[in-house]
Structures are given as structure tokens and as C-alpha cells.
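Within every chain, numbering begins at 1; the chains are lettered A, B, ... in the order of the sequence lines, protein sequences first and strands thereafter. The basis for the numbers below is simple: all heavy atoms, side chains too, and nothing from hydrogens, waters or symmetry mates.
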Amino acid sequence: MIEVRDLVKVFDTRGQVVRAVDNVSTAVAKGEVLVVIGPSGSGKSTFLRCLNGLEEFDSGSVSIDGLQLADPKTDVNAYRREVGMVFQHFNLFPHMTVLENLCLAQKVVRKRGKKEREAKALALLEKVGIAQKANEYPSRLSGGQQQRVAIARALAMEPKVMLFDEPTSALDPEMVGEVLDVMKTLAVEGMTMVCVTHEMGFAREVADRVLFFDHGKLLEDASPAEFFDAPKDPRAQAFLRQVL
Amino acid sequence: MKQKKAQWPWHVLTVLVLIGLAGALYYATSLMSYEWRWNRVPQYFAYHAEESQRAADISTVSELVRKGDKAEVTLRNDAGDEQHLTVDDNSLQVAQGDDVAEGDVIGVTRHWAAGPLMWGLWTTLWLSVVSGVLGLLIGLATGLCRLSNNPTLRDLSTIYVELVRGTPLLVQIFIFYFFIGTVMNLSREFAGIAALSLFTGAYVAEIIRSGVQSIARGQNEAARSLGLSAGQSMRHVVLPQAFKRVLPPLAGQFISLVKDTSLVSVIAITELLKSGREVITTSFSPFEILFCVAGLYLLINLPLSKIASRLERRLAQSD
């Protein structure tokens, strides 16, 4: 479903060149859950942001169902409709209620009628367990609730793929569980997911494959059992010794 | 433990300071033997205008009916044509059966008319509103151009902002009236509004630009990741939040604009200040009139800041 080939992203800040994503190729099949892990600064978030074009890459290709992201003929906005994204800091729209957050893109991008988009929004809020907060502003919600709204907002567009960029890293520890539960439900339902996360338990339990990044390079691509029990790359071994 | 101290003694002190200042002002004017004549002022706000009603032909007062404080006069000439006039009863100059000649005053009608200060206030108001709306539109467009990826748009908007902010408004008004106005044959009002709105636009552009830049990048990223185009994201996500943030400086800019309209008096637009100066030449009461003019500017600006703070509070409900 997702094809990544020879992806390269270089950051050049005042002559200091960093290869944030260095020649990465991989593929994600429909319904597959990928977990991307690695030390901070390893390029895993940049890799994820390249998948929906929030970060423009320097060379290589990314495609979803054959639709090439870097192709000038591709409508990037149409491409992004198919790719939901959840951010570390939720990025809910603070001037809109929860319901309006879920309805905006449905209205502006999908051109859905008021009844249809609100029914969809309420159903999704029900699913993530915060239907009673529909008319609250995001500032009145806890971090965990905000992140669940953010997930519902992305789902409202009915994307083919969901990208998660460290969705639990900014949460208080007691709220991590509620967000991971929602993500697990999605995985069970067959959503194609790519998650950058530090939650090793989630990776082991839910992931179909684990990708390990360091210094922009994809060093390991294995099943969770293989990766956690018998990592091949020495840097992956060192990383796991530190976090487990 | 924090003790709650009474606030009212300080408010009393404030009032005392104000009274002291007013007293000092009064003392200062008494030193230069200025005679305050506030009773001369009201007529320049509104006055009782008189309009003479005259006979149109040589004729006779054939009928005279008094109705309350009005008198209805019917004149009939030799040919039998009738002329009907209604005048104020106490100004009636004729009686039943009188002969009148063409142009004779039968009486007057009185009505309230706005004085020069009211006309000046009105001119200042509409100049401010028109220049304010245009300035906001120009500023919004320019502010977005400043943030554009297109180098030409960015350069042109930067040049405009720097040119306008770097030169005095008074000079711009003169240039618009005497140079551009002459070349393009513009009316003085058009030239004045153009100068004021371009001036305001430059400042509004910088306010909008800083407001947009103060919105976290993640907001735009979240909108774009949902499939919104750059324009849709700006319109639905970034600008509404930026607007809330720039409301205080924007209100300040419009208050400035109201005061800056006084500068177009130099190209002979009779707005509030120029009306005031004209009134001074006939009333010989410069201090009273100037205080009134200042008061009228306050009368526009105080509600303006009130509206702005109310709007600010309403937008703050999502915080």
C-alpha cells in the first residue's frame, strides 16, 4: 500500500548538513501496523512526516496505492486526504469546539453536509469515548482526551493510512493508556498504521513489524519478536539495553 | 498570609489628584485673564435656524388660521391664485386683510440644524470608517503577501510597508493631494482617504503578519495533514486565531486612525479639527472649542476601545 524507495531528506542549517533520512526503502501492506523506534534525533519523525509531505524530501519516492507524492501532477491535498496524522502535541484547533474540530475538514475538504458530518463526528467521539465533550473547547480537556479527539479528527476523513508521531510522548503517564487503547482498537479493526513511539510494550503487542532508525538510516526491519528478543544490529542492541 | 487591603482610599486619591490638576489649569488661565464663555459653545453644535417665508406676488391675506404655535396664512392675488404658507405663530408679521407686496416676509419657520462642529464630527466619522475598512483590507492583503513564498509579492509588500512607515503621514497627504491628486484629477476627499487608508494598511499589514507568525506551526501542519489547502488552512485555522491575538494592537491602530484624520484638514477637508478652527475665528473662544473638539474625538474613541475589549472577551471564551 505504501511504497518508500531510496528516501533521502537532508537538513542544511547554516552549512551544517544532516542526513535526517538516509536512503530508506520499505513498504507497508494494507492492514499492517508498523512501529518506528530509535533514539531521539534518529530521523524517525522526519521519515514519518515525509510520508504525507509535511516534510519535502530531497530524493527518492513515496507512494500510496500507486499515487506518487513527489509527482508534480499529484494534488498534494488530495493525497493527504488519504493519510491521517496524529501529532505529539495534538495540534487541535483551539478556537473551535471538539465537534467543530472534527467537522472542519469534512466540510471544507470532503464537502459533506451538516447532518452527515456531525453524525460522523459524534460516532467517532463515541468510539474514542468522549462523546460527552463534543461541545467543549480543547483547552478544557486533559491531554489524553485531546489526543483522542485528535485521533477522531484524523479518522473523520476516512483515511487509508494513519500516521502517529509520538502520540503519547507529551502525555502525563496516567493518560498514556487511554490513547494506546484507542490505537490498539484501530489496529485490531485493520487500519494501516505507522507509529513513531517510545512505547515498547505497544510495539511488542500490536506491531506487525518494527523499524529501527539511527542517524537517518533504517538499521533493522523485523517482527517484534525478532527485534526485541534477538536484535541483529549492534546499535539496536545498545538502544534496547537502555530502554528496556 | 495575604491581607486584603481596601482599594477605595486610592481611588479617592486619584479623584483628588484630578481635582488638583483641574484647579491648577483654572489658576493658570486666570493668570492670563482669559474669560471663559461656555455659553457660546452650544450654538456650534446645533442651532435654531430661521427660514423666512415670503409672499410670491402682490396679494391680500385672505385667510389666517392659528393652529397651536403655527399659523396658516392664505394669500390671494388679483387673478385669484392662492398661496398657502405655514409660519411660526409668534413670528407672524401680517393680519387678516393686510395687503402684501412681492417678497414681503410673512413670518419665519424655525427648525433645529446641525452646527459646524456636528458636521465636522460626521466628516471625521465617515473618513475614519471608510479609511479603516480600506486600510484593513489593504493590510490583510499586504500582510499575507509579506508571508508569501513568491519573492515578487514579498519584495513589493516590504517596499510598500517600509516606504509608508518611514515617511510622515502629513507628507503623504500632501503628496497624494498635490501630486497624485493633480495628475489623476482626484477630489480632496479621495486623496485624503487614499492617504489615510494606505497609511493604516501598512501598519495593519505588520500587525497581521506578526499575528500569523505567532500561531504555532503545528496548527497549519494539522490543517494541511487533513487535506486543507494552504489557503483553506489560512482562512479557517490560522487567521481566526491570529485575529484574536492581534485585536488589541489592531484596535490601537484604528484609534490612531481616528485621530490621524485631523491631518487631512491641511488639504481643506472640513473635518472636526478644521471645523473647530473655523468656529474659533467666529466665536473668539479658542479654549472652549478646542476642549470640545478633543472631547468629541474621545467620544468616538472611548466606545471603540470598549467594543474592542468586549470582542476580546468574547473571543477568549475558548481559552
Side-chain angles (χ1 to χ4, degrees), chain A residues 45 48-49 51-56 75-98 100-111 135-141 146 149-159 161-165 170, chain B residues 136 140 143-144 147-151 153-154 204 207-251 307-319:
Chain A
S45 278
L48 192 76
R49 289 159 61 83
L51 295 186
N52 74 345
L54 277 187
E55 213 73 73
E56 277 182 61
D75 174 3
V76 182
N77 300 322
Y79 177 99
R80 288 195 182 123
R81 263 177 245 164
E82 312 302 333
V83 187
M85 182 147 186
V86 176
F87 298 84
Q88 181 176 359
H89 295 287
F90 333 133
N91 298 358
L92 292 180
F93 307 134
H95 61 301
M96 296 179 182
T97 63
V98 166
E100 287 164 346
N101 262 278
L102 266 70
C103 287
L104 175 69
Q106 294 193 68
K107 176 183 163 192
V108 176
V109 181
R110 291 271 192 224
K111 312 279 183 217
N135 293 312
E136 296 275 11
Y137 284 99
S139 57
R140 306 281 298 272
L141 270 55
Q146 289 194 45
V149 171
I151 293 172
R153 178 177 70 178
L155 289 173
M157 295 298 284
E158 292 166 2
V161 187
M162 285 285 282
L163 308 178
F164 292 85
D165 189 2
Chain B
L136 187 64
L140 186 60
L144 293 179
L147 296 163
S148 159
N149 287 325
N150 182 315
L153 286 180
R154 225 165 39 218
V204 169
I207 293 173
I208 300 266
R209 181 187 62 78
S210 63
V212 166
Q213 281 179 332
S214 77
I215 301 302
R217 215 176 47 156
Q219 288 292 312
N220 183 47
E221 286 182 350
R224 298 304 303 275
S225 77
L226 288 166
L228 272 72
S229 68
Q232 288 167 336
S233 163
M234 184 59 84
R235 176 165 133 50
H236 295 284
V237 175
V238 178
L239 275 184
Q241 295 180 58
F243 178 70
K244 186 167 125 184
R245 225 168 266 189
V246 302
L247 201 58
L250 218 46
I307 292 169
S309 67
R310 189 166 295 181
L311 201 57
E312 218 177 305
R313 232 174 315 155
R314 217 184 66 192
L315 289 174
Q317 64 174 330
S318 61
D319 291 340

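- Other residues, nucleotides and ligands contribute only 12 or fewer heavy atoms inside 6.0 Å of the CZ atom of B:R217.
- In terms of non-hydrogen atom pairs under 4.5 Å with chain B, the most contact-rich of A:P94, A:A154, A:A156 is A:P94.
- Using a 4.5 Å cut-off between heavy atoms, A:L163 makes no contact with chain B at all.
- Residue A:R153 touches chain B through both its backbone and its side chain, counting heavy-atom pairs closer than 4.5 Å.
- For A:R80 against B:R224, the heavy-atom pair with the smallest separation is CD-O, 3.0 Å.
- In this structure, A:M85 and B:L226 have side chains that are not in contact, with every pair of non-hydrogen atoms separated by 4.5 Å or more.
- Dense packing is recorded around CG of B:N150, with more than 12 heavy atoms of other residues, nucleotides or ligands lying under 6.0 Å away.
- At a 4.5 Å heavy-atom cutoff, B:R235 makes no contact with chain A through either its backbone or its side chain.
- Counting heavy atoms of neighbouring residues, nucleotides and ligands inside a 6.0 Å radius, atom CD of B:E312 exceeds 12 of them.
- For A:F87, the part lying near chain B is the side chain, with the backbone staying farther off; criterion is any non-hydrogen pair under 4.5 Å.
- Contacts of A:V108 with chain B are made by both backbone and side-chain atoms, with heavy-atom separations under 4.5 Å.
- The shortest heavy-atom contact between A:N77 and B:S229 is ND2-CB, 3.5 Å.
- The two residues B:Q219 and A:L92 have their closest heavy-atom pair at NE2-O, 2.8 Å.
- The parts of A:H95 that come within reach of chain B are both its backbone and its side chain, each placing non-hydrogen atoms under 4.5 angstrom from that chain.
- If you tally non-hydrogen atom pairs under 4.5 Å between each of B:A230, B:P240, B:A223, B:A222 and chain A, the highest count goes to B:A222.
- Here B:S225 contributes atom OG and A:L51 contributes atom CG; the two are 12.5 Å apart, rounded to the nearest 0.5 Å.
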